[in-house]
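Only a predicted model underlies this, so the values are computations on that prediction, with no experimental measurement involved.
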Amino acid sequence: MMGPYWHMYDNGRWTANWWGISFEILVWVLIAVFVIWLFTRLLKITGSNSGSPTALDILKIRFAKGEISKEEFDKMKEDLK
């Protein structure tokens with residue numbers, strides 16, 4: 001069984017095993033990478049909904065406002081596809 005990687009010698013100096021510090025640095029780097037990845041992912045998700053409306057969205061709004069008839073809506077919708 002491995003002991004702790006920080007040791008205190010008899011004269012009161014602290015020292016460490018190289019594998020323990022390396023492992024700890026690796027863990028902190030992985031945590032930082034995960035947090036950065038998660039943060040950028042959340043920004044992409046929230047930013048994608050705030051884009052400009054598509055042509056179909058505008059067409060639906062115009063139909064809802066009564067600016068165009070059902071026949072015009074259907075024809076324009078077919079033209080967009």
Side-chain angles (χ1 to χ4, degrees):
M1 180 171 170
M2 298 185 321
Y5 55 86
W6 290 99
H7 299 283
M8 183 176 232
Y9 283 127
D10 292 333
N11 57 3
R13 287 187 342 205
W14 286 94
T15 186
N17 295 329
W18 63 271
W19 53 266
I21 292 175
S22 302
F23 180 73
E24 185 173 359
I25 291 171
L26 177 67
V27 167
W28 282 111
V29 167
L30 290 175
I31 290 171
V33 167
F34 176 73
V35 167
I36 291 169
W37 173 80
L38 187 64
F39 184 70
T40 56
R41 179 110 174 147
L42 289 174
L43 283 179
K44 286 180 184 176
I45 290 173
T46 57
S48 64
N49 294 337
S50 62
S52 60
T54 63
L56 186 58
D57 292 335
I58 295 170
L59 186 61
K60 288 178 182 178
I61 291 170
R62 288 186 64 201
F63 179 65
K65 287 181 178 180
E67 295 176 1
I68 57 176
S69 67
K70 173 73 171 144
E71 294 79 27
E72 290 173 320
F73 174 78
D74 291 335
K75 183 181 180 322
M76 289 180 187
K77 186 176 171 184
E78 259 326 291
D79 292 341
L80 289 175
K81 290 182 181 179

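Partners of T40 according to the side chain to side chain donor-acceptor pair (under 3.5 Å) rule, which considers only residues two or more places apart in sequence or in another chain, do not exist here. With sequence neighbours excluded, the residues forming a salt bridge (Lys or Arg N to Asp or Glu O under 4.0 Å) with K75 are D79, listed by chain and number.
For the atom pair NZ of K77 and CZ of F63, the computed distance is 10.0 Å after rounding to the nearest 0.5 Å. Atom CE of M76 sits about 12.5 Å away from atom CG of L56, to the nearest 0.5 Å. Here the straight-line distance linking atom CD of E78 with atom CZ of F73 works out to 10.5 Å at 0.5 Å rounding.
With side-chain heavy atoms closer than 4.5 Å counting as contact, directly or through intermediates, the hydrophobic cluster containing L26 also holds L30.
No path of Ile, Leu, Val, Met, Phe, Trp and Tyr side chains, each step under 4.5 Å between heavy atoms, connects I36 with W28, placing them in separate hydrophobic clusters.
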